[in-house]
Every structure is written in C-alpha cells, then in structure tokens.
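Lettering follows sequence order; numbering is per chain, from 1. Reckoned from all heavy atoms, side chains included, excluding hydrogens, waters and symmetry mates. Fair warning: this is a prediction, and the values are worked out from it, not measured in the lab.
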Amino acid sequence: MPETTQGRIIMSHVWKMVAQRLALGLLTLFVISLIIFGAVELLPGDLAQSVLGQAATPETLAAFRRELGLDLPAHERYLSWLGGVLQGDFGNSLANRRPIADLIAVRFSNTLFLALYAAAISVPLSLVLGILAALWRNSIYDRAVNVATLSSISFPEFFVAYILIFYIAQAGIFPSIANVSPDTSLGERLYRTFLPAITLTLVVTAHMMRMTRAAIINLLASPYIEMARLKGLSPGRIILRHALPNALAPIINVIALNLAYLITGVVVVEVVFVYPGLGQLMVDSVAKRDITVVQASALIFAAAFVTLNLIADVLSTLSNPRLVHRR
Amino acid sequence: MGFLTAIAWIAAVIAVSAGLAWCFRAVAVAALPQTMAKAMRTAPLTASFGLLIILLYIFAAVFADVIAPFPERAVVGAEYLPREGLDGQFILGTDNLGRDMFSRLIYGARNTVGIAIATTALAFLIGSVLGLLAATVGGWLDQVLSRAVDVLMAIPALIFSLLLLTIFGTSITTLILVIAVIDSTRVFRLARAVAQGIVVMDYIEAAKLRGEGLWRLITREILPNAMAPLVAEFGLRFCFVFLSISALSFLGLGIQPPTADWGSMVRDNATLITFGDITPLLPAGAIALLTVAVNFVVDWMLHRASGLKE
Amino acid sequence: MTQNEKSVLLEMRGVRIEGRSDETWSEIVKGVDLTLHRGEVLGLIGESGAGKSTLGLAAMGFTRDGCRISGGSIAFDGIDLLDASEATRRDLRGKRIAYVAQSAAASFNPAHRLIDQYCEGPVQHGVMGRSEAEHDAVELYRKMRLPDPDGIGFRYPHQVSGGQLQRAMTAMAMACRPDLIIFDEPTTALDVTTQIEVLAAIRDIVDQFDTAAIYITHDLAVVAQMADRIKVLLKGEEVEEAETGRMLSAPQEAYTKSLWAVRSHARPEQPLPPVTETPVVSVRGVTAAYGKVPVLHEVTFDIHRRRTVAVVGESGSGKSTTARVITGLLPPLAGEVLFEGQALPADYRQRNKDQLRQAQMIYQMADTALNPKHRIREIIGRPVEFYLGLRGKALTERIRELLRLIELEPDNFIDRLPSELSGGQKQRIGIARALAAEPRFIICDEVTSALDQLVAEGILKLLDRLQAEFDLAYMFITHDLATVRAIADEVVVMKDGKVVEKGAKGEMFTPPHHPYTELLLSSVPEMDPDWLTDLLAERAAGRAGGRMTPAGH
C-alpha cells in the first residue's frame with residue numbers, strides 16, 4: 001500500500017520534470033523560428049529586390065512583393081508563415097515556385113535514413129571500443145586508439161570521403177555516387193549509401209568513443225568503485241553494474257550530440273556523394289539564394305537537433321536516481 | 001594488394017614521422033632555455049610531431065612569397081597538367097584553370113590558416129570576455145547571456161552559418177564575423193564554466209571583500225587560473241573553426257576564388273579523383289595534417305594540466 | 001583480555017609501500033610490522049601523511065592506483081596475500097576482510113538501493129542466497145540501531161543521512177561475518193553528536209561478533225574508546241605501540257607525548273569586559289535567509305577589544321552564515337551589524353575602504369584561500385598596497401616584516417607560490433594577509449580544523465600572540481570544543497540558526513548547561529577509555545545533565 005502511493009508520487013514528479021523540459025524545448029523552437037525568420041528581415045534591401053536584382057522594373061517588383069506578401073507588416077507575415085509551417089506548408093520556392101513541402105519531404109527522409117544508418121554502425125562500435133579503452137587504460141591498445149581517434153577527429157569529412165572513393169569506389173566495390181530514389185529497395189539503398197554511411201561513422205565514432213572512455217575512467221576513480229573492488233567483486237561486474245549505470249547520463253548525452261551532428265553534418269557528405277538529401281538541397285538553395293527553401297531547411301534541421309537534445313535530456317534525467325527518487 | 005600497399009605506406013609514414021618528431025624533440029631540448037627544455041623532454045612523440053608540423057605551417061605561411069615558384073593567382077599553363085609535367089616545372093601539376101597547384105597550396109597556408117586564426121581569436125575575445133563577466137557578475141547578466149547562448153547553440157552551427165551567409169553574402173569579412181559569433185557561444189560556455197569554478201574559491205571572496213574592482217578581479221585573480229583550460233580550448237576551437245571554414249569553402253560558400261584556399265581547391269579539382277589522381281587530396285590532407293598536429297599538442301597540454309593538479 | 005592466547009589473524013612484516021608522483025616512486029610506508037589477533041581491535045593513529053590508510057588497505061592486499069607494495073610480507077590467517085593470485089585476494093575481500101570507508105556518502109553507489117548493495121557481497125561470494133541476505137540485512141540494520149530497519153534498505157543513498165549511511169556501511173561490511181574489518185576514519189566527517197551514535201553502534205557489533213578490527217583515525221580520544229591496542233605512525237614509520245591503557249597513561253616516545261600534550265593547552269580566564277566599553281563588533285538581532293530558506297533567527301552577540309569569541313555549533317547551525325552577514329556577503333533580512341558603535345552598510349559593496357579594511361577574514365581551507373597563481377609577495381603585499389598605499393621599497397619592507405611576524409623567514413618565502421608551502425605555512429600566510437590590512441577585527445573560520453594537531457597548536461599560539469600585540473578582536477568559528485578551550489574568552493553556542501547559550505568560557509564549561517550545550521559538551525570524546533561506556537550508561541539511565549565537564553585540565 002505505501003509502496004504504491006510512494007511510487008505514484010515519484011512518477012508524477014518525474015512527469016512534471018519531463019513536461020517542463022518539453023515546454024522549454026517548444027519555447028526554444030519558437031525562439032529559433034523567430035531568429036530564422038528575423039534574420040531574413042536583416043537582408044539588405046528586401047527579398048524581392050535580392051531575387052529580381054537591380055534591373056527589375058518597379059512594377060514587377062511591386063507585383064512580386066504582393067505575391068510574397070511583403071506589403072504586409074513583419075509580424076503578420078511571421079504569424080502566417082509560422083501558421084503555415086505548423087500545418088506543413090512552408091510556402092513556395094523562389095527559384096522554381098514549387099511548394100517547398102513537396103521538395104523537402106523525400107529529401108528529409110533520405111537524410112534521416114543516412115543518419116540512422118551511420119548511427120546503427122557507429123553507436124555500438126564506439127561504446128564497445130570506449131569501454132574497452134577504459135578497461136585497458138594506458139595499455140598499447142589504449143594509446144593506439146587515442147592516436148587513431150585524435151587523427152580521425154581531425155580529418156575534414158570530404159578528406160575521408162575522397163579517400164574512401166579513391167581506394168574503395170575506384171576498386172569498384174561500392175558506388176561513389178549514392179543515387180537513390182523513393183522506389184529503391186532497402187537492400188539496394190544500404191549498398192548504395194554504404195560509403196557515405198562509413199564516412200560519417202568514421203567521423204563520429206572517434207568522438208563518441210573518447211567521451212565514453214572519459215566518462216567511465218572518471219567514474220572508476222570514485223570511492224564507490226574502490227568500495228566495490230574492496231567488496232571483492234569481479235572487474236566485469238564492477239564495470240557493468242557499478243560504473244555503467246552512473247555513466248549513462250554522460251553517454252546518452254554524447255550519443256545525442258553525435259546523432260544531432262549526424263543529421264546536420266551530413267551536408268558535406270551528401271554533396272560529395274551526390275546524395276539527394278536535405279543538406280544538398282540546402283546547399284544548392286544557398287547557392288541559388290533561394291531564401292525560402294534555406295529558411296525551411298534550417299528550421300527542420302534545428303527542430304531535429306532540438307528534439308534529439310530534448311530526448312537525451314529526458315533520458316538522462318530518468319537515469320539519475322537522485323532525480324527520480326527524491327528524498 | 002592495393003590494401004596491403006596502403007598499409008605499408010601508412011606504416012612507413014608513421015615511422016618517418018616518429019623519427020622526425022624524435023629528432024625535433026632532441027633539437028628543441030638542446031636549443032630551448034632550461035624551463036621550456038624540461039617540459040619538452042617529457043613531451044610524447046605525438047606532441048613534438050604536432051609542434052614540428054605547426055612550425056612548418058607557420059614557416060610556409062610567413063615565407064609563402066619566397067617558397068612558392070609562381071604567383072598565387074596567375075594562370076601559368078594548360079589545365080590539369082600532370083605532376084612533374086613540362087620538365088618538372090609544376091611540381092604538383094596545374095589546377096582546373098591552369099594555375100600552379102604547389103604555389104596555391106603554399107599560399108593556402110597563409111589564407112586558410114590566417115582566416116581561421118583570425119576567426120578563432122575573435123570568437124575567443126567575444127566568448128571569453130562575456131563568459132568571465134557572466135560568471136563573475138552573476139545575477140541577471142548571467143541569466144540573459146546564458147539563455148541567449150542556449151538558444152543560439154540549439155541551432156546547428158553549420159546550418160546556422162549557411163543561413164547567415166546566404167543573407168549577408170560570402171565576403172571574407174562576413175565569413176569571419178559569422179563563424180566567430182557562432183563559435184563564441186561555445187567559448188562562452190567553457191569560459192563561464194571554468195570561471196564559475198574559480199569564483200567560488202575563498203581567494204576570490206577575499207579579493208571581493210578587500211574591495212577590488214571588477215576589472216582587477218577578472219584580470220588578476222580569475223584569468224591567470226583560467227588560462228590553462230582556455231589555451232587548450234583555443235587549440236580545439238581552432239581545429240573546429242578551421243574545419244568549418246574548409247567545409248564551407250568546399251561547399252563553395254566560404255573563401256571565394258581566386259583566393260587560394262584548401263577547401264575550394266579540393267572542390268575545384270575533385271573530378272581528378274575519379275581519374276585516379278590523388279592531387280586534390282593534397283589540400284585536404286594539408287587541412288587534416290594541421291588539425292591532427294594541433295590536436296596532438298592540445299592533448300598533451302590537457303594531459304599535463306590534469307597531471308599537475310594531482 | 002586474553003589476546004595473547006588467541007591465534008594470530010593478520011601478520012605484516014616490514015611492509016613497504018611506494019607511491020608514484022612525477023614519474024618517480026617514493027616510500028609512503030617504510031617497513032612497518034603489525035600483528036593482529038582474532039577478535040582484537042588495533043587502533044592506528046597518526047597525522048595526515050602518516051600512511052595509515054595505505055597500510056590499512058594493504059591489510060586487504062590492496063593498493064590504490066599509483067601505489068605498489070615494494071617489500072615485506074602480509075599474511076592473513078596463514079595466506080600470503082602478496083603471493084596469492086588476484087582471484088584468491090578477491091575472494092577474501094568482502095568475505096573475510098571487509099572495509100568501512102571514511103565517506104559513506106561517496107562510497108555507496110548512488111545508482112543502487114542500500115539493501116541491494118548489502119546483498120551483493122554475500123550473494124556474489126556464495127555465502128547466502130538473496131532472500132536470506134535481505135533478511136539478514138534487516139537484522140543487522142536493527143542491531144546498528146538504524147531507524148526503520150525494515151524499510152531503510154529500500155532507500156537510495158542520497159535519501160539517507162550521513163550518520164545513518166555510516167552505520168549502514170558498517171552493517172554491509174558485516175554482511176559476510178568477516179574475520180577482520182578495516183575502519184578508515186569512519187566518523188571523521190560526522191558531527192560530534194552523530195559521531196557518538198556511530199561509535200557506539202560500531203563497538204557493539206564488533207564485540208558481538210567478536211570481529212577483529214583495524215581502526216584508523218587521527219583522533220586520540222576516539223581511538224581510546226575503540227581499541228585494545230594502539231599503534232602510532234609518523235611519516236610511514238612506527239613510533240610506538242602499546243596496550244590502550246598504557247599508551248594513554250605512559251607514552252614512551254617524545255612524538256607521542258607531544259600529541260598528548262596538545263589536549264591540555266588552555267587560555268587563562270579573563271574577566272568580562274566592563275559593560276560601558278563599546279564592543280568592536282556588535283551583531284544585533286540578525287535574521288537572514290538564503291532565498292526562501294531561513295538560516296538565522298535573531299542572532300545577537302558582542303565582540304570586544306582583545307577578546308576572542310568562539311562561535312560553536314554543528315554543521316548547519318548557522319555559524320558561517322553569521323560570518324557572511326558580518327562581512328556583508330549576505331545582507332540580513334532584519335537586524336544590523338555595528339562596528340565600534342556605528343552601523344555597517346548591510347552589503348559589502350556599499351562599505352567604504354576603511355570599513356572593509358577593519359574587518360578581515362581567515363579561511364578554513366588555506367588551499368582555496370590563496371590564489372595559486374600569485375606569489376607570497378603579491379598575496380600579502382596587495383592589501384598593504386591597496387589599503388595603505390605603500391609602494392616599492394616600503395612595500396617590500398612591510399611584506400618582510402609581516403612574514404617575520406608569522407614566523408616565516410622572509411628571504412626564503414617571499415617569492416614562493418602557495419603550492420610550495422605546507423598546510424600550516426599556507427594558513428600562516430592567510431593570517432599575514434589579514435594582518436596586512438591592519439584590522440581591528442578578524443573572523444577565523446575553522447582555521448585549524450583542516451590541520452594536524454601539532455600544526456594547529458602552533459597556529460592557535462600565533463593567533464594568541466598577535467591578538468595581544470595588535471589589540472585584535474577575534475570571532476572564532478569552530479565545531480571543536482577542544483579548540484574553544486584553547487583560545488576562547490567567551491562562547492556563543494548556535495543551533496538551527498539560533499543562539500542557544502552565550503557567556504564567558506568558564507560559565508559555559510560548568511553546569512548548569514542549556515540541554516543542547518550539555519549534549520554537545522558530553523559528546524566530545526575524552527581520552528578516558530571508559531568514557532563512551534560511562535556516557536552511554538548515563539544517557540540510558542536518563543541522567544543527562546548530571547555529568548561534570550571540567551573547563552580545561
């Protein structure tokens with residue numbers, strides 16, 4: 001009886017904390033939308049001017065302004081833009097006048113696919129490598145891994161990508177152009193996007209592995225680990241049962257940080273491998289100064305980034321007994 | 001077989017670098033004044049290798065005019081001439097417009113690295129001044145700055161810079177300003193965290209109770225104790241900024257032609273790779289090598305700092 | 001006692017342990033012998049750096065990272081711990097030799113409930129099954145007199161108080177009914193009144209199961225209650241060893257005698273100052289809070305010229321907060337602080353240079369009180385330059401004078417960094433910095449509690465001398481009643497943010513007392529080995545208040 005009431009109090013308390021985090025995340029997104037919208041307002045001249053250029057006649061300018069709604073005051077335009085975004089309507093591309101939502105939908109799912117593909121390889125890999133490095137710290141393995149990861153963190157993505165193309169794609173093992181369409185089968189997709197996924201894996205694994213190692217080594221110095229050793233427990237049990245539960249919060253955060261990086265950091269990799277993702281669309285649009293598309297892509301990337309950090313935040317809260325079981 | 005040759009090459013490169021690093025360390029220990037020599041003697045090979053590389057880059061950047069056989073922007077031959085083409089006149093061949101690759105690589109050290117250093121310095125100036133202020137003054141100033149930084153950091157850095165560069169255009173000045181402002185948020189976080197650890201110390205309380213002003217508090221009492229982590233962070237931030245600028249240039253949105261820059265050189269000559277020519281990898285490798293070198297040195301510094309604490 | 005007839009449990013011969021710093025190995029323990037019989041309790045006593053914890057851990061065949069056993073032999077019940085395989089040692093640890101750490105709060109894993117951590121040892125060592133272990137845990141929690149023994153195991157460490165955690169950890173150490181327990185300063189982090197409960201519980205359970213123990217501490221009075229024999233260590237070497245009674249009454253070595261002697265230092269009584277004299281500092285009805293949490297209620301007391309007022313209380317009693325109100329770091333909600341009859345602005349930022357100069361502060365942790373990047377010259381010189389405007393030669397001369405005042409050789413010390421000083425020297429520099437401002441009033445916040453007894457003694461004597469020389473008024477914050485005896489003229493006892501009793505030192509140490517003062521006074525361990533037994537008997541009989549505690553000796 002008292003157990004269950006206590007349990008209920010605990011859960012309601014945790015949900016309140018989760019709700020607070022969610023509210024904070026939504027607020028952040030709202031402010032970000034303001035920044036993204038407001039930044040365009042800083043454009044020298046205005047949108048119509050910068051698209052049509054100096055040569056445009058006043059009449060065409062005025063007509064274009066009306067079409068874009070530029071004759072309305074800024075706050076009204078913001079509200080109608082935000083209202084549209086919330087219903088999945090991002091307006092039209094300035095370059096080809098097509099609805100942005102149609103352009104983005106497929107590409108965003110492609111980007112997510114690539115990011116998840118890379119994450120599926122890199123997260124388990126880096127956790128295992130990191131825990132091993134912590135267990136065998138100061139060994140030859142640890143030092144070699146340290147040098148290797150430091151180096152791979154330092155490589156620009158396009159360097160890694162071109163090396164892979166040079167050695168692997170040239171040998172004809174995997175394609176150097178990751179050409180996929182919505183009706184490509186899953187197996188074919190995995191095959192064609194193998195090189196970009198490996199490139200991303202190489203870039204993020206090093207970072208995740210180093211942070212996992214640091215988090216665990218940090219914990220191994222704590223008195224309760226010494227206590228566990230003095231209780232005569234086996235090294236495996238000490239790592240898995242005593243260190244790992246306490247290292248969860250930092251590890252979750254590292255993973256989230258890198259997943260967020262994967263989603264946004266794919267831009268360069270997408271360009272190298274000519275992969276039809278959101279990043280490539282954004283780069284193309286920047287070159288074409290297709291500002292409405294850039295705005296929409298930036299907002300989607302930011303939303304994905306904020307959501308991931310939010311999930312990590314909630315998960316690491318739930319992994320902390322001090323927060324879940326209050327006095 | 002290709003794989004095995006690659007492994008052999010890597011092994012050879014590592015062996016040669018280790019040898020060079022060892023010689024460099026021996027020379028440095030002999031040449032430097034006593035206190036610095038003492039630090040050098042305990043430096044691992046990775047760190048002395050890093051120092052050697054950094055010195056080489058600085059040398060190339062400073063004496064680019066002397067070293068480079070051709071001017072930075074001059075078209076000196078046909079397009080895509082092979083390496084050692086025309087009787088060894090062009091050591092690395094020519095690029096997509098017929099400019100000398102080797103000379104542009106040398107000038108790239110000046111341009112790319114120079115811009116990255118300027119950007120990092122600016123980011124540090126903004127970030128650490130605000131971070132130290134926020135931690136020292138506290139209260140509403142800290143709240144306002146920290147919340148603002150939280151929001152800015154919630155936008156992915158590369159995406160944010162793409163957005164801002166679209167709006168403000170891609171001149172070198174805007175590039176430096178945009179990247180510096182975005183990066184200063186990360187410096188702010190670190191500077192504030194470090195300073196917060198120092199501000200709670202009794203010697204800061206003693207200085208406050210003595211009646212010391214804010215300026216002296218920050219410069220004389222806090223800054224000397226925050227220097228070690230900040231200097232290490234400068235190295236890491238430099239790597240990050242350097243890689244971001246290179247990535248932007250590679251995407252065609254950073255340093256603009258005809259300025260010689262490693263990121264755009266990779267982009268301009270990328271097609272050669274599909275013909276089995278590794279020349280376009282050289283500027284990319286130049287970026288990677290410098291970042292590796294800086295990271296090695298920073299790693300050593302961090303290790304030293306944590307070792308001294310114990 | 002019949003230890004001699006009992007069989008030997010632990011035998012250490014010529015044990016040497018090295019620690020690594022700066023890539024070189026140096027000896028921490030330099031050839032110590034130790035013999036422990038079954039059921040016997042050995043007290044290991046020494047100051048910091050004596051190597052007592054390192055030696056205690058070595059009894060389990062364990063060294064911390066960066067240490068190694070370089071010589072000697074350690075035999076536990078006939079098993080050579082240094083020769084044995086790691087698996088053998090692991091099997092002994094927790095099962096036949098258990099460990100109780102100094103900070104229970106840090107030594108319990110925050111991610112698991114107490115009972116899970118209790119059961120882990122017996123289950124992993126195959127001593128008993130999980131349900132049996134749980135049953136046993138409740139039984140031992142009861143024996144350790146923990147409140148709610150049935151439920152407390154299902155809490156997480158952060159939900160349990162420090163004193164209770166320490167008892168739960170002792171219970172956990174008992175889980176496999178080991179032959180030997182190493183207690184490593186188990187009560188050092190606790191308040192005196194909590195310490196009593198833990199000491200009593202530990203002693204009972206060790207008696208009850210006839211467990212042998214090594215009890216490590218720096219506190220003589222505590223070890224007197226717990227140990228059958230006492231071994232004194234100094235810098236990794238044994239000074240002497242004897243049965244407790246003899247060690248207390250007739251120590252042989254000069255070092256041991258000097259340790260004992262510290263306890264008897266006391267400042268002579270002085271008459272109360274005349275009522276007409278204006279106090280240097282006067283705290284009037286101060287009420288203060290951190291945010292919405294009230295911490296001080298109506299605190300009132302005076303501090304006169306050339307006098308030392310000791311503010312005594314346990315952690316959380318509000319004594320340091322009172323200092324923060326006086327210095328202006330925490331403006332009070334009500335009340336005021338007068339300096340020589342004049343009200344001081346509540347916030348230090350509103351005080352002028354002279355007001356700031358007149359009240360100085362000396363901190364508990366000299367490590368954090370001195371800027372590690374400043375040389376002594378700057379640390380002491382800055383207040384001189386800032387308040388008194390001295391420059392150049394005059395400044396250097398004043399710094400040298402101040403160094404001589406705190407008994408440090410100027411040429412040797414003036415250009416050192418704090419990291420190049422010992423703990424006691426750092427604290428002296430802290431004193432010199434306060435003195436440099438030429439104040440009327442100094443707040444000493446637990447200035448000796450981080451120091452070894454002999455060093456602390458020197459600091460107290462120095463403070464005494466400086467007070468007479470410069471007419472200073474001291475507010476001396478401490479939790480240690482021995483220090484109060486040594487230095488105070490007047491005492492203010494605080495509890496839960498209120499002043500419960502105040503008056504001249506003589507009055508405070510003679511009955512009748514306020515009940516809390518009585519509890520505090522009676523909880524301070526004394527050198528008498530029967531003190532704890534007597535006290536517990538008395539408290540059980542409900543005759544609290546009948547005990548005489550002499551002021552000084």
Counting only heavy atoms not in C/K353, do more than 12 sit closer than 6.0 Å to its NZ atom? yes
Does anything in residues 430-450 of chain C reach chain B? List residues with heavy atoms under 4.5 Å apart, or say none. C/R433
Interatomic distance, B/R216 atom CZ to C/R382 atom CZ [nearest 0.5 angstrom]: 3.5 Å
Working to the nearest 0.5 angstrom, can you tell me the gap between C/Q364 CD and B/D202 CG? 8.5 Å
Atom pair CZ/CG of C/R357 and B/L209 - distance to nearest 0.5 Å: 15.0 Å
Over all atoms of both residues, closest heavy-atom pair of B/R220 and C/H374: O-NE2, 2.8 Å
dist C/T368:OG1 -> B/E205:CD (nearest 0.5 Å) comes out at 9.5 Å
For the interface with chain B, which of C/I379, C/N352, C/L329 has the highest count of heavy-atom pairs at distances below 4.5 Å? C/L329
On a heavy-atom basis, the closest approach of B/Y203 and C/P372 is CE2-CD, 3.4 Å
Can we say B/R210 and C/E385 salt-bridge, meaning some charged N sits less than 4.0 Å from an Asp/Glu carboxylate O? no
For C/Q360, is it the side chain, the backbone, both, or neither that has a heavy atom closer than 4.5 Å to a heavy atom of chain B? neither
State the CG-CD1 distance between C/N371 and B/I204, to the nearest 0.5 angstrom. 6.0 Å
If you measure from CG on C/L356 to CD on B/E212, what distance do you get to the nearest 0.5 Å? 10.5 Å
Ranked by heavy-atom pairs below 4.5 Å to chain B, first place among C/P383, C/A359, C/G328 goes to C/P383
If every non-hydrogen atom of B/N225 is compared with every non-hydrogen atom of C/K373, which pair is closest and at what distance? OD1-CG, 3.1 Å
